[in-house]
Amino acid sequence: MSSACRAAASGAPAILLLVCCSVDGGGAVQDAPAIERTRMVAEQIESRGVRDPRVLAAMRDVPRHRFVPPSLETEAYQDHPLAIGHGQTISQPYIVALMTELVRPQPTDRALEIGTGSGYQAAILSRLVSRVYTIEIVEPLARDAEQRLKTLGYENITVRAGDGYAGWPDAAPFDVIVVTAAPDHVPAPLVAQLKPGGRLVIPVGPTFAVQELRLIEKDAAGEIHTRTVAPVAFVPLRRGR
Ligand code: SAH
């Protein structure tokens with residue numbers, strides 16, 4: 001319960017309860033961030049065509065405001081990316097939802113993410129697949145994300161600091177790979193670590209310019225099929241450590 005809700009429950013004017021809480025269809029009391037997430041999903045995500053009910057449920061559940069710096073918490077549910085330190089960003093909610101829907105996550109899937117950042121995309125994926133492996137090149141971001149995910153109770157995510165260009169050979173192959181930083185070409189090791197039937201979503205293009213979001217699928221025979229989905233703007237995929 002939020003502090004405002006607690007105040008209302010303990011005798012503050014009843015109108016406060018109406019302002020900060022609502023009761024959902026199942027009878028559960030929703031706190032203010034949950035109400036913001038419901039609105040975020042309706043206005044920014046469903047309205048732009050994301051339909052997968054499991055993806056929409058994950059976007060409603062994961063507390064995005066816990067993944068941004070405290071000074072930006074009030075902006076966590078707005079329709080844009082936010083700075084998370086070290087020159088990096090947490091993606092716009094719609095882009096997270098779109099990329100997640102594109103890889104068609106299944107409950108038994110193993111997923112790899114390149115570019116942990118805040119850990120938000122990893123948390124969304126973790127609700128939809130059996131296990132998430134995520135790599136972040138900025139060591140303090142990797143450490144913070146690991147701690148945050150542990151605190152929030154996400155237990156099926158493994159975070160590693162390092163260059164994700166080479167993927168995670170020890171944990172491969174993957175059903176799903178999500179790359180959230182933009183290289184100027186598709187890293188061959190990532191395609192190699194995709195299972196037959198696997199899906200890889202990746203922004204590809206020049207640094208600090210518009211890139212194209214591509215969906216790359218490996219069919220049962222191992223053939224690669226690529227579709228360009230939308231223009232996007234991601235931070236660059238860096239090399240080295
Ligand atoms: N998915 C993140 C947002 C990612 S921003 C979230 O949900 O918050 C892109 C991230 O990719 C940045 O944190 C950046 O440091 C990281 N990154 C850039 N190049 C990388 C590389 N080669 N390997 C792993 N991470 C990389």
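Both ligands and their constituent atoms are indexed starting at 1 by order of listing. Computed from a predicted model, the values in this text were never measured in an experiment.
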Can an N or O of Thr89 be found at a distance shorter than 3.5 Å from an N or O of ligand 1? no
Residue and atom name of the nearest protein heavy atom (relative to atom 8 (O) of ligand 1), distance in Å to one decimal: Ser118 OG, 2.6 Å
Closest approach of any protein heavy atom to atom 15 (O) of ligand 1, naming residue and atom: Glu136 OE2, 2.6 Å
Gln88-Ser118 side chain donor-acceptor pair, cut-off 3.5 Å: no
Proximity of Ala122 to ligand 1 by residue part, where a heavy atom lies under 4.0 Å: neither
Please list the nearest protein heavy atom to atom 23 (N) of ligand 1 with its residue and the distance rounded to 0.1 Å. Gly164 N, 2.7 Å
Flag yes if Ile90 and Ile202 sit in one hydrophobic cluster, no otherwise; membership is Ile, Leu, Val, Met, Phe, Trp, Tyr, and two members link when side-chain heavy atoms are under 4.5 Å apart. no
Among Thr134, Asp163, Thr116, Leu141, which residue places a heavy atom closest to atom 2 (C) of ligand 1? Thr116
Measure across Val179 and Pro203 and return the closest heavy-atom pair with its distance rounded to 0.1 Å. O-CD, 3.0 Å
Non-hydrogen atom of Gly87 closer than 4.0 Å to ligand 1: no
Do Arg160 and Thr116 have side-chain N/O donor and acceptor atoms under 3.5 Å apart? no
So for Glu113 against ligand 1, with non-hydrogen atoms under 4.0 Å, the contacting part is side chain
Near Ala181, which atoms of ligand 1 are under 4.0 Å from a heavy atom of that residue? 11 (O), 18 (C)
Side-chain H-bond candidate by donor/acceptor type, Tyr77 with Arg37, under 3.5 Å: yes
Quick one: which ligand 1 atoms are inside 4.0 Å of a heavy atom on Val138? 15 (O)
Atoms of ligand 1 less than 4.0 Å from Tyr120 heavy atoms? 7 (O)
Evaluate the side-chain proximity of Gln106 to Val176: yes if any heavy-atom separation is below 4.5 Å, no if none is. no
Between Gln211 and Pro236, is there a donor-acceptor pair closer than 3.5 Å when you use the side chain of the first and the backbone of the second? no
Part of Val96 within contact of ligand 1 (heavy atoms, under 4.0 Å): neither
Same apolar cluster: Val178 and Val129, side chain cutoff 4.5 Å: yes
Atom of Leu72, atom of Ala83 and distance for their closest heavy-atom approach: CD1-O, 3.4 Å
Return the residue, atom name and 0.1 Å-rounded distance of the protein heavy atom closest to atom 22 (N) of ligand 1. Arg238 O, 2.6 Å
Enumerated ligand 1 atoms positioned under 4.0 Å from heavy atoms of Val235: 5 (S), 9 (C)
When you compare the side chain of Tyr154 with that of Arg148, does any pair of heavy atoms fall below 4.5 Å? no
Atom 7 (O) of ligand 1: the protein heavy-atom neighbour that sits closest, reported with distance to 0.1 Å: Gln121 N, 3.0 Å
Distance from atom 25 (N) of ligand 1 to nearest protein heavy atom, with residue and atom: Ile137 N, 3.2 Å
Gly162 near ligand 1 by a heavy-atom separation under 4.0 Å: yes
Among non-hydrogen protein atoms, atom 12 (C) of ligand 1 lies closest to Gln88 OE1, 3.2 Å
Assess the side chains of His80 and Gln78: does a donor N or O sit below 3.5 Å from an acceptor N or O? yes
Identify, by atom number and element, the atoms of ligand 1 in contact range of Leu237, meaning under 4.0 Å from any of its heavy atoms. 19 (N), 20 (C), 21 (C), 22 (N)
Would you mind running through ligand 1 and noting each atom that sits below 4.0 Å from a heavy atom of Ile90? 8 (O)
Please report the C-alpha distance between Leu213 and Leu102 in whole Å, then the side-chain angles of each, then the deciding distance to 0.1 Å, and finally whether the side chain to side chain contact (heavy atoms under 4.5 Å, CB included) criterion is met. CA-CA 10 Å; Leu213 189 65; Leu102 284 168; 4.0 Å; yes
Using distance alone, decide if ligand 1 has a nitrogen or oxygen within less than 3.5 Å of any nitrogen or oxygen in Thr180. yes
Asp109 and side chain to side chain donor-acceptor pair (under 3.5 Å): which single residue from Lys195, Arg199, Arg131 fits? Arg199
Ranked by distance from atom 11 (O) of ligand 1, the top protein heavy atom is Gly115 CA, 3.2 Å
